[in-house]
Number of protein chains: 4
Amino acid sequence: MPTSASAVPDKRAAILETTLELIAARGFHDTPMSAIAKESKVSTGIIYHYFASKDELILELYKEIKYKMIRDVLADYSEQAPYKERLRRLYHQLIRYYINHPKEANFLEQFEHSPYNDPNFQEVFRDELTPFIISFFVQGMQEGVLKDMRLEIAVQLSFGVAISLAKQHNRGVLELDEEIIDSAVDASWDALKK
Amino acid sequence: MPTSASAVPDKRAAILETTLELIAARGFHDTPMSAIAKESKVSTGIIYHYFASKDELILELYKEIKYKMIRDVLADYSEQAPYKERLRRLYHQLIRYYINHPKEANFLEQFEHSPYNDPNFQEVFRDELTPFIISFFVQGMQEGVLKDMRLEIAVQLSFGVAISLAKQHNRGVLELDEEIIDSAVDASWDALKK
Amino acid sequence: MPTSASAVPDKRAAILETTLELIAARGFHDTPMSAIAKESKVSTGIIYHYFASKDELILELYKEIKYKMIRDVLADYSEQAPYKERLRRLYHQLIRYYINHPKEANFLEQFEHSPYNDPNFQEVFRDELTPFIISFFVQGMQEGVLKDMRLEIAVQLSFGVAISLAKQHNRGVLELDEEIIDSAVDASWDALKK
Amino acid sequence: MPTSASAVPDKRAAILETTLELIAARGFHDTPMSAIAKESKVSTGIIYHYFASKDELILELYKEIKYKMIRDVLADYSEQAPYKERLRRLYHQLIRYYINHPKEANFLEQFEHSPYNDPNFQEVFRDELTPFIISFFVQGMQEGVLKDMRLEIAVQLSFGVAISLAKQHNRGVLELDEEIIDSAVDASWDALKK
DNA sequence: AATGAATGAGGTTTCATTCAT
DNA sequence: GATGAATGAAACCTCATTCAT
């Protein structure tokens, strides 16, 4: 009998962790609930105590990972630094997160390119990153340091590129280091700056 | 009794077309063979006459679409034009293909972010686009018109951005036109050029 | 609410029993899992909870029946009786088992003449009857009461004949009684004795 | 275009031969018509030109093999030889056939222990061996050279044993030679003779 | 005679979910 | 909270048979 709170195994967390691992390794279509239960060392029944359905479990996992990622990436952001430096830090943070959390990165990619990521869901889902990014680029344009261009283009030329590079690093087809990342930042900067 | 070739119902093609439509609309995990058969107006059995398994069907569909895309995108490419113009044309062709073939684009995205796209498969798969793109950027750097940078970075700053924009257009979150595309080309060009 | 153990429906046992009945009546190739499920009054799914596959189910059934048969046949065996008497008792017990368990007998015959009975399986399968029979005949030869002959020949001249006769009885082409069995024992004895 | 009769491939014979091979190797339940067609290098359709159904094909194969076996076994039978010698020759011939035709032997065993061998079929099937064997033993008893016993017992003590030994030889668990066979004949003879 | 594409019922197995304990 | 036996619809795939050519 456990006598301290910490001795209670947090089944909910174990289920989420296992789900992440299995989907990262085998994909949505090869991750049955039975495998999640077995790997988590819980019964199938208890999963339905914590999550209404498999879809709810996956959606919940997505939310938690996405929020954690946003928190991480924005952690050391400072309004004080010069604009390009702020871009550089975000760029690095984004890549760092993807590289340090390959399973999470893989899951996010799979999710966002699958039918789970339907419009209804994204409407309900409160993403705090998008408004931040919008204001980041709007601010740069208003300050006259960035070209006037569609925000979507600016995002892809910077963070979109960062994510693509991190994905290639995780796949093992491109070895990133600080220098290479900085060269990408510089090139992106050339694309964005007035 | 029809005697023309067009009267021959090409079941194999019908199956591939239906598979594309269903996966684009509903995703891998919601596209059973029974639905493909019904929608194609063929029996389930005949699918296995043309394709050894569901996986084979999906892999074959991927190959056919990818090859067609490559052919389309490279169709009007000309070595004669100045370098930036050649980039611009590829950029536009890529976007045009994605916009004119939203189902194919969607399928490619889903496939390439799913476990179907495992290393074993890509090793066997003969992609003719990658070598072309490599030589395109290597040439630009050797001519001194492009910055020296990792090819992967150059690719993302140009074609990666193009694809991302086309995807957003197809999702309805960004309305692309020639002018906007050209502004993206210009920004990419600033990123790449020496 | 029933509280006795007998109220617990032993689905595993029901599945095995039904499988035996159906295969005895209709053969391997006409005994689908769906029929086993329906006849056992269980869902198809639960069969796979107890048995990994149809083959596993059949193999398991074979093992259980074979072990039970061996136990039954050897039940009243006594080292005390004279040699011929011991032979006679084994002969009778074997026939009795086959006659009293026609479904089991039929299943064993079908199994042992089918590809299920491949060498790999028999190697793993621990048959306790074979070593017993070997020592039974070796002992008889060492005591000088039996002719020296290959064990396989001795086995067929006695127990092989017993089984064949029991099978014919079960098929209704030969009505066995104690007297007829004893006449077979006597003839077998003439074949074996020195 | 074939110009001689011998150039015409005898598809019917090829189908029967392939069926024999496949069933001997893989069993009834793993020998689909498609495999028979492929291995025979004919179309599936043509099988139905020669045989009304799969069951007909198998029944026909059984008949042909059984008749050939009977012809072979009885080939050198002579009423002239002394009784025990006649028994010995039949014994050897039976074993020789089984050993020289392992696929046929295997097929016969599988067939006769499967539901294909139902009473309706055996009633229609004109087996010329059974009447021969009956008269062989009846004659021996009438001549006073054999014990009076049920014919079924006599059959098993002689030919039943012979077949069992041949089967064991084919399975590789018992190496038969003339001497061993003769020792079995002698033992059987002791069982049968008055 | 011969082909082999085509059918579709039915085979084995999986899996999200429920529920008695 | 927790278990895991149980359900049954539905998944993928097979296969005997047919039929237009």
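A quick note: this is a predicted structure, and the numbers were derived from the prediction, not measured. Just the heavy atoms: all of them, side chains too, but no hydrogens, waters or symmetry mates, feed the values below. First the proteins, then the strands, lettered A, B, ... as listed; each starts at 1.
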> What's the CD1-C1' distance between D/Ile36 and E/dG4, to the nearest Å?
Replying inline: 16 Å
>> Tell me which nucleotide, if any, is Watson-Crick or G-U wobble paired with F/dA11 when both distances must be under 3.5 Å.
In response: E/dT12
> C/Met33 or A/Ala52: which one's nearest nucleotide on DNA chain E is closer to the 5' end?
Replying inline: C/Met33
> Mapping D/Ile47 and C/Thr31 onto DNA chain E by nearest heavy atom, which one lands closer to the 5' end?
Replying inline: D/Ile47
> Among C/Ile58, C/Leu61, C/Asn106, whose side chain to side chain contact (heavy atoms under 4.5 Å, CB included) with C/Phe111 holds?
Replying inline: C/Ile58
> Any Lys/Arg nitrogen of D/Glu64 or D/Arg12 sitting under 4.0 Å from an Asp/Glu carboxylate oxygen of the other?
Replying inline: yes
> Quick one: D/Leu57 CG to F/dT17 P, roughly how many Å, whole number?
Replying inline: 10 Å
> Thinking salt bridges, do D/Glu56 and D/Lys63 make one under a 4.0 Å N-O criterion?
Replying inline: no
>> Nearest to the side chain of A/Val42, heavy atoms from C-beta on, is which of F/dA16, E/dT13, F/dT3?
In response: F/dT3
> Does OP1 or OP2 of F/dA6 have a side-chain N or O of C/Tyr50 closer than 4.0 Å?
Replying inline: yes
> If you check the D/Thr44 side chain, which of F/dC12, E/dT12, F/dT18 turns out closest?
Replying inline: F/dT18
> Separation of C/Leu22 atom CG from E/dG11 atom C1', in whole Å?
Replying inline: 15 Å
> So, is D/Ser43 close to the E/dG4 phosphate, meaning a side-chain N or O under 4.0 Å from OP1 or OP2?
Replying inline: no
> D/Ser53 side chain: which of F/dA16, E/dT3, F/dT17 is closest?
Replying inline: F/dT17
> Looking only at side-chain N and O atoms, does D/Lys11 come under 4.0 Å of OP1 or OP2 in E/dT3?
Replying inline: yes
>> Check this for me: C/Arg126, atom CZ, are more than 12 non-hydrogen atoms of other residues, nucleotides or ligands nearer than 6.0 Å?
In response: no
> Rounded to whole angstrom units, what separation is found between the CG atom of A/Asp30 and the P atom of E/dA16?
Replying inline: 11 Å
>> Taking the minimum atom-to-atom distance to the side chain of C/His49, which one of E/dA5, F/dA9, F/dG4 wins?
In response: F/dG4
>> Any strand counts, and the cut-off is 3.5 Å on both contacts for Watson-Crick or G-U wobble. Which nucleotide pairs with F/dT21?
In response: E/dA2
> Passes side-chain hydrogen bond (donor to acceptor under 3.5 Å, both in side chains), B/Gln110 versus B/Tyr116? Steps please.
Replying inline: CA-CA 9 Å; B/Gln110 282 197 57; B/Tyr116 280 109; over 6 Å; no
>> Let's see if you can work this out: which of F/dA11, E/dA5, F/dG8 has an atom nearest to the side-chain heavy atoms of B/Ile46?
In response: E/dA5
> In whole angstrom, what separates C/Lys38's NZ from E/dG10's P?
Replying inline: 11 Å
>> Between C1' on F/dA5 and CG on C/Asp10, what's the gap in Å once rounded to a whole number?
In response: 12 Å
> Rounded to whole angstrom units, what separation is found between the NE2 atom of C/His29 and the C1' atom of F/dT14?
Replying inline: 15 Å
>> Among B/Leu20, B/Thr19, B/Leu22, exactly one meets side chain to side chain contact (heavy atoms under 4.5 Å, CB included) together with B/Phe107. Which residue is that?
In response: B/Leu20
>> What is the separation between atom CZ on B/Phe51 and atom C1' on E/dA6, rounded to the nearest whole Å?
In response: 15 Å
>> Assuming nearest nucleotide by heavy-atom distance, tell me which of B/Ser34 and D/Lys54 is located more 5' along DNA chain F.
In response: B/Ser34
